[in-house]
*Asks:* 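Take this structure, written in structure tokens, and hold onto it; I'll ask about it next.
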There are 2 protein chains.
Amino acid sequence: MAVVFSRACEYALRGLIVMAKAKDREVWRVPDVAEESNSPAPFLAKTFQQLVKGGILNSSKGRRGGFSFARPIDEIFLIDIVNILDGQRLTYDCALGMPDCHDENPCPFHVHWRRIRQPLIDALSEESLAQMAKK
Amino acid sequence: MAVVFSRACEYALRGLIVMAKAKDREVWRVPDVAEESNSPAPFLAKTFQQLVKGGILNSSKGRRGGFSFARPIDEIFLIDIVNILDGQRLTYDCALGMPDCHDENPCPFHVHWRRIRQPLIDALSEESLAQMAKK
DNA sequence: ACAAAAAAAGACAAAAGTATCTAAAAGTCC
DNA sequence: GGACTTTTAGATACTTTTGTCTTTTTTTGT
Ligand code: SF4
Ligand code: SF4
């Protein structure tokens, strides 16, 4: 088990940060992103396809093809990426794994998880790839 | 992938909360805990064995045997359970999955993860099973 | 002593997640 | 048009986690 994000999400975040940091370069081939972000290229390629479907990336085939951002990077927030790759797991699901329990008649742990999850959601929602690239 | 804890940890937390809530009962058989916490009994048994090794639970075999707390439940904190079952993953490892990188020359995400992880560690460190049982 | 009950230990099975490989489709450049 | 490059799609393999099953060991109660 990874720490908080799935491996796919970890690789994607690392890769997208690399891409966002390179102001001069627009289009990236998967092998280049993979090398720069220390990710396995074939696996990263799969997750980039998901990000294309999710509207984060554009892709183009052929000689000068590759992946590029589908919109300005100050309009791409970390939560967008996490939502596409890891779903609502981190932002909605019960931390104790109960399938059909939310808010009504909460168990003792509920209030804690709420207090922890909300700042996480806030941070992911407020931070854009553009801001990540600056630091 | 579970939300933040492994399944083993989810089941353990749920089970221990059930046990802590029952002030009248000291010794619990695994099948009873499993039923009360909606966990698979054989799997829960395995994780309880880990908690015995970790010093959280005592176990006794035979007719009136079962599991009981190894120390007062106001001295058992959630972080103790998480540390035994999930290791340092949540409290120390890099959220982006980089193996050998901590604090020195941090990447753009580092500061965010620190700001999120610390409240999590604090909450888990401050909350005891006794407090969990009250609510 | 004996039978029953419980945890302990280990083997095993199933599922999910991660990673690689191959062939196909589409675009670029000459 | 043809060679080449890149994504896309699908198949496949590996690994880890999760879950089950069986046997053994220990204790209790009769
Ligand atoms: S009340 Fe407890 S079991 Fe229900 S969603 Fe909240 S943490 Fe999960
Ligand atoms: S600096 Fe970035 S890569 Fe390094 S431990 Fe922190 S979050 Fe992980």
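Quick caveat, the model's predicted, so the values are computed rather than measured. Labels below follow one simple rule: chain letters A, B, ... track the order of the sequence lines, proteins then strands, and each chain is numbered from 1.
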*Asks:* Send over the distance from A/Arg63 CZ to D/dC4 P, rounded to a whole Å.
*Replies:* 9 Å
*Asks:* Atom NZ of A/Lys46 to atom C1' of C/dT22: distance rounded to whole Å?
*Replies:* 11 Å
*Asks:* Does C/dA19 have OP1 or OP2 sitting under 4.0 Å from an N or O in the side chain of A/Tyr11?
*Replies:* yes
*Asks:* Rounding to a whole Å, what distance do you find between A/Leu44:CG and C/dC21:C1'?
*Replies:* 16 Å
*Asks:* Using whole Å, what does the distance between atom P of nucleotide C/dG17 and atom CG of A/Leu85 come to?
*Replies:* 13 Å
*Asks:* Is a side-chain donor or acceptor of B/Arg14 paired with a backbone partner of A/Leu96 at a separation under 3.5 angstrom?
*Replies:* yes
*Asks:* What integer distance in Å separates A/Arg14:CZ from C/dT18:P?
*Replies:* 12 Å
*Asks:* Are B/Arg117 and B/Asp122 ion-paired here, with the side-chain N under 4.0 Å from a carboxylate O?
*Replies:* no
*Asks:* Can you classify the ring geometry of B/Phe43 versus B/Tyr11 as parallel (below 30°), tilted (30 to 60°) or perpendicular (above 60°)?
*Replies:* perpendicular
*Asks:* Tell me which of A/Ser59 and A/Gly62 sits closer to the 5' end of DNA chain D, going by the nucleotide each one is nearest to.
*Replies:* A/Gly62
*Asks:* Does A/Arg89 use its side chain to pair, donor to acceptor, with the backbone of B/Val3 at less than 3.5 Å?
*Replies:* yes
*Asks:* Any side-chain N or O of A/Ser60 below 4.0 angstrom from OP1/OP2 of D/dT7?
*Replies:* no
*Asks:* Output yes when A/Arg7 and A/Asp86 qualify as a salt bridge under the 4.0 Å nitrogen-oxygen rule, no when they do not.
*Replies:* no
*Asks:* Whole-Å distance between D/dT18 P and B/Glu10 CD?
*Replies:* 8 Å
*Asks:* Do any of residues 28-40 of chain A sit with a heavy atom less than 4.0 Å from DNA chain D, and if so which?
*Replies:* A/Trp28, A/Arg29, A/Val30
*Asks:* Please tell me which of the listed nucleotides, C/dA5, D/dA9, D/dT26, lies nearest to the side chain of A/Gln49?
*Replies:* D/dA9
*Asks:* Among the nucleotides C/dC29, D/dT20, D/dT26, which one has an atom lying closest to any side-chain atom of A/Arg64?
*Replies:* C/dC29
*Asks:* Specify the separation, in whole Å, of atom CZ of B/Arg7 and atom P of C/dA16.
*Replies:* 10 Å
*Asks:* Which part of the nucleic acid does B/Phe67 contact within heavy-atom distance under 4.0 Å: base, sugar-phosphate only, or nothing?
*Replies:* sugar-phosphate
*Asks:* To the nearest angstrom, how far is A/Leu51 atom CG from D/dT7 atom P?
*Replies:* 14 Å
*Asks:* B/Lys61 has a side chain; which of D/dA9, D/dT18, D/dT25 sits nearest to it?
*Replies:* D/dT25
*Asks:* Measure from the side-chain N and O atoms of A/Asp32 to the backbone N and O of A/Trp28, and report whether any donor-acceptor pair falls under 3.5 Å.
*Replies:* no
*Asks:* By nearest atom, which of the nucleotides D/dT18, D/dT28, D/dT20 is closest to the B/Pro42 side chain?
*Replies:* D/dT20
*Asks:* Taking B/Phe77 as the starting point, is it possible to reach B/Ile17 by hopping between hydrophobic residues whose side chains are less than 4.5 Å apart?
*Replies:* yes
